[in-house]
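Below is one structure, written out as structure tokens; the observations come after it.
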Number of protein chains: 2
Amino acid sequence: MTPRKSHVELYKKHHKHFIAIDCIIFGFDEGELKLLLIKRNFEPAKGQWSLMGGFLDENESLDEAGYRILYNLTGLKDIYMSQLHSHGEVNRDPGARVISISYFALINIQNHDEELVKENDAHWRPISKIPPLIFDHRHMVDLALEQLRKEAKIKPVGFELLPSKFTLPQLQSLYEAIYSKTLDKRNFRKNILSMGMLEKLDEKEKENSKKGAFYYRFNEDKYKELTARGFYFNIAI
Amino acid sequence: MTPRKSHVELYKKHHKHFIAIDCIIFGFDEGELKLLLIKRNFEPAKGQWSLMGGFLDENESLDEAGYRILYNLTGLKDIYMSQLHSHGEVNRDPGARVISISYFALINIQNHDEELVKENDAHWRPISKIPPLIFDHRHMVDLALEQLRKEAKIKPVGFELLPSKFTLPQLQSLYEAIYSKTLDKRNFRKNILSMGMLEKLDEKEKENSKKGAFYYRFNEDKYKELTARGFYFNIAI
DNA sequence: TCATTTAAGTGTTATATCTACAATTATGTA
DNA sequence: TACATAATTGTAGATATAACACTTAAATGA
């Protein structure tokens with residue numbers, strides 16, 4: 001006798017559809033922006049490169065499905081992920097009519113579960129060398145890149161791709177990878193430090209130089225405090 | 001024997017879902033930004049205010065469904081419309097589980113078919129006085145407004161809300177309505193005219209002042225030429 | 001231990017953009 | 001012909017952006 005049950009008959013004349021969730025998973029490693037891609041292990045298009053995906057279940061929200069799929073592949077929770085777009089061309093999937101909703105995630109590549117990734121036959125590929133992908137997955141990737149480039153300028157999402165401690169040269173290298181553009185050290189540092197949301201640590205990273213570069217940490221609380229006062233994150237690219 | 005048919009069995013174990021399209025339709029009239037809302041004529045929530053929507057059919061894409069629904073309500077084709085977000089909370093619709101994909105459209109309020117709108121029991125409501133809406137429709141409207149405010153700064157979408165001939169005071173009034181903010185006449189004109197995509201006509205609009213204001217027209221070709229050269233539309237708000 | 005090498009770290013100036021601000025003009029109406 | 005109304009126009013100060021080169025810290029090896 002819930003309202004739910006009493007009206008469902010009215011909707012019955014309409015069609016139902018398969019809904020898939022596909023995840024565009026970005027990581028940053030060796031100065032390059034990378035994507036996590038899988039070799040698809042079922043038909044159609046078995047053996048071809050694909051985004052990680054899955055079908056929407058009966059009792060989960062879209063976001064929950066997205067997080068489930070990401071978790072199953074990487075073992076990661078509490079990840080930055082946001083819905084990108086819904087893809088509904090009638091023949092986009094040759095197996096059946098499937099509406100796919102793409103999500104894009106930014107992960108710290110050090111943290112993921114490498115065993116799980118192996119089990120899923122997933123591999124990191126630099127965005128400059130993306131192999132041909134099934135269906136409209138390449139289009140999804142292009143949308144995600146566009147979205148990442150929009151967001152990274154005006155929201156502190158870049159930090160999601162780095163370890164919690166990072167150096168300014170690393171951070172600059174990340175932005176250079178996202179925008180395929182070399183940036184001026186002095187201007188970049190001035191820009192990011194003047195926003196006042198990075199904490200300098202006493203520790204130095206010494207793998208990449210003799211002098212060593214100081215570690216910094218993104219201070220989320222400080223960022224929230226600033227935005228509450230009308231401040232806007234902005235990186236000049 | 002198409003691949004389509006050969007693999008559909010593999011997908012069968014998964015659930016199928018109702019998919020609805022809901023349209024947030026913006027217009028601009030009497031210095032106000034307005035929304036086209038309907039009185040829902042079926043259960044559940046019959047008689048309550050709602051966005052115009054409909055279910056996705058078997059053989060149409062998401063975009064096609066959006067245009068179909070917009071056409072059925074307004075008689076308009078070739079309208080600026082873009083996908084906004086997909087809404088999949090399990091209980092968002094008390095009638096049944098329905099995934100809704102929201103679209104937002106910008107229309108020139110003069111052009112729509114008033115008869116059709118009446119037949120659908122649809123009404124224009126200023127965004128400052130939106131009545132309570134069913135389900136998560138208010139959230140959709142808020143997202144659409146946010147999106148409009150993002151886009152109108154950096155893309156020439158505002159013109160979609162105006163007649164093809166408009167005056168600069170009208171255009172300024174539109175931006176003021178979108179951003180709920182009064183703008184400086186001189187700066188606004190300098191800004192928009194310096195982009196070089198508006199054509200001044202010889203004709204004047206004389207309803208709103210004795211002096212009359214010159215009509216202008218948005219030159220789409222010019223805009224495309226400029227963007228091809230790396231130009232970016234930008235209105236300082 | 002001192003010279004060399006490597007990447008980190010730092011300021012200033014010119015240019016472009018944004019913001020604030022008020023007088024004049026055209027035209028209809030009394 | 002005076003008046004009322006809204007359209008139209010420019011400049012100067014402030015702020016943000018972009019260009020540019022030397023110094024410093026520390027490891028390495030002669």
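Letters A, B, ... mirror the listed sequences (proteins, then strands); counts begin at 1.
Remark: side-chain polar atoms of A:Asn191 are paired, donor with acceptor, to backbone N or O of A:Asn234 under 3.5 angstrom. Judged by distance alone, the side chain of B:His137 and the main-chain N or O of B:Leu51 form a donor-acceptor pair under 3.5 Å. Between the side chain of B:Glu205 and the backbone N or O of B:Glu207, at least one donor-acceptor pair lies under 3.5 Å. With hydrogens and angles ignored, the 3.5 Å screen pairs a side-chain donor or acceptor of B:Gln83 with a backbone N or O of A:Ser86.
DNA chain D is contacted by both A:Arg186 and B:Phe214; B:Phe214 maps to the nucleotide lying nearer its 5′ end (nearest heavy atom per residue). Between A:Lys190 and B:Asn191, the residue anchored closer to the 5' end of DNA chain C is A:Lys190, taking for each the nucleotide with the nearest heavy atom.
The two atoms that bring B:Lys153 and B:Phe233 nearest to each other are O-CD2, 3.6 Å, heavy atoms only.
Rounding to the nearest 0.5 Å places NE2 of A:His123 at 9.5 Å from CD1 of A:Ile38. With rounding to the nearest 0.5 angstrom, the CD1 atom of A:Ile101 is 4.5 Å from the CG atom of A:Leu62.
Side-chain contact between B:Leu36 and B:Met52 is absent, with no heavy atoms from C-beta onward closer than 4.5 Å.
A search for salt bridge (Lys or Arg N to Asp or Glu O under 4.0 Å) contacts involving A:Glu30 returns A:Lys34, not counting sequence neighbours.
Using a 4.0 Å cutoff to heavy atoms of chain A, the contacted part of DNA chain C runs 5' to 3' from C:dT5 to C:dT12.
Residue pairs that meet the side-chain hydrogen bond (donor to acceptor under 3.5 Å, both in side chains) test with at least one member in residues 169-180 of chain A, sequence neighbours left out, are A:Gln172-A:Glu176.
Using a 4.0 Å cutoff on non-hydrogen atoms, the parts of residues 166-185 of chain A near DNA chain C are A:Pro169, A:Lys185, ordered by number. Contacts between residues 198-210 of chain A and DNA chain C, counted as heavy-atom distances below 4.0 Å, involve A:Asn208, A:Ser209, A:Lys210. For DNA chain C, the neighbouring residues in residues 227-237 of chain B, judged by any heavy atom under 4.0 Å, are B:Asn234, B:Ala236.
By the 4.0 Å N-to-carboxylate-O rule, B:Arg68 lies too far from B:Glu64 to be salt-bridged with it.
Test A:Val157, A:Leu145, A:Ile178 against A:Phe26 for side-chain contact (heavy atoms from CB on, under 4.5 Å) and you get one pass: A:Leu145.
For A:Lys211 against D:dT23, no side-chain N or O and base N or O form a donor-acceptor pair under 3.5 Å.
Using a 30° and 60° split on the angle between ring planes, B:Tyr223 and B:Phe218 fall in the tilted class, from 30° to 60°.
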